[in-house]
Amino acid sequence: MTQDKNKPFIVAIDGPAGGGKSSVCAQLCIQEGWGYINTGALYRAIAFLAGKKAIAFTDHGQLDDVVGDFVEKFQWDSKTSTLYYDGESISEHLQTEEAGAKASQVAKIETVRKALIPVQRHLIFSSLKPVVLADGRDIGTVIVPDADLKVFLTANLKTRAQRRYTQLEPQTLKTVSDHISSSAPADDQLNAIMHDMALRDEQDEKRGVAPLSMAPDAILVDTSDQSLEQVVDQVKALILDRYRLRK
Ligand code: DC
């Protein structure tokens, strides 16, 4: 691969929900000052804005308008990983499991994905940081197929659900799933999260366009039996080893 040294060193981090992508990227940014583009936020934003306008996800014509309008009016603050629409932060609306599940539904639609490709590439390539991490489902396969390093971060379903469960505040738990209350026994709540996560995995893996899959040249990191610190150290070592080769 010919290297343009003015381009950032791009790390594609793909994997299923709850595999640890955003926690690892956030830690690496704090420790190393690297840039981070969380591409899931774009799909979450489209689902959120469509919901606000009461547009059904089956109405692809209106959804395309939502995407066009979003592309025109959004801003991404890379320092704080905050997404703005029409001058206002919408990040606080995008963080629930419900927002993730809805994002997964709009992410199945080809025209939505197509419109977001140049947006993601622009955010990644225009970064002024020497190293940029981009996380999502198709970064290494579609968005930046010639990324300098590709990591596929995953963990078994039970571990991912357990992590998500401990991250969630009791009052937000009810948004995890329509079929469980936050006063239900912990095991039932965990099972509900596992159920919803399995559905989201299936939806992301089986969609016809740009499904979640590991690029053949990605490095698989299974985080099931590792702490966040261990995974951060492992991914950092992978990046620094490859980055030094480029310099
Ligand atoms: O990474 P996340 O949980 O914020 O992503 C939410 C959903 O958005 C995910 O279930 C599928 C979709 N997504 C995608 O299809 N492609 C990406 N690059 C990022 C997210």
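Note that ligands are numbered from 1 as they come in the structure, with each ligand's atoms numbered from 1 the same way.
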So which protein heavy atom does [atom] come closest to, and at what separation?
| atom | answer |
| --- | --- |
| atom 6 (C) of ligand 1 | Arg200 NH1, 3.5 Å |
| atom 19 (C) of ligand 1 | Thr39 OG1, 3.4 Å |
| atom 17 (C) of ligand 1 | Arg137 N, 3.4 Å |

Quick one: do [X] and [Y] make a salt bridge, cutoff under 4.0 Å?
| X | Y | answer |
| --- | --- | --- |
| Lys73 | Asp69 | yes |
| Arg200 | Glu97 | yes |
| Lys102 | Glu98 | yes |
| Lys150 | Asp217 | yes |
| Lys108 | Asp204 | no |

Report yes if some N/O of Lys21 lies less than 3.5 Å from some N/O of ligand 1; otherwise report no. no
Any N or O on Asn38 sitting closer than 3.5 Å to an N or O of ligand 1? no
Testing the 3.5 Å rule here: is there a donor-acceptor pair between the side chains of Gln105 and Gln203? no
Relative to the heavy atoms of [X], which atoms of ligand 1 are at a distance of less than 4.0 Å?
| X | value |
| --- | --- |
| Ser104 | 7 (C), 10 (O) |
| Ala103 | 6 (C), 7 (C), 8 (O) |
| Gly40 | 4 (O), 5 (O), 19 (C), 20 (C) |
| Gly136 | 17 (C), 18 (N), 19 (C) |

Is ligand 1 less than 4.0 angstrom away from at least one heavy atom of Gln203? no
Would the distance check show the side chain of Asp138 and the main-chain N or O of Ala210 forming a donor-acceptor pair, the cut-off being under 3.5 Å? no
Are side-chain heavy atoms of Leu83 and Ser91 found at a separation under 4.5 Å? yes
A student comparing Arg44, Arg113, Met197, Lys102 should find that the heavy atom closest to atom 2 (P) of ligand 1 comes from Arg44
Just heavy atoms, cut-off under 4.0 Å: does Ala107 contact ligand 1 by side chain, backbone, both, or neither? side chain
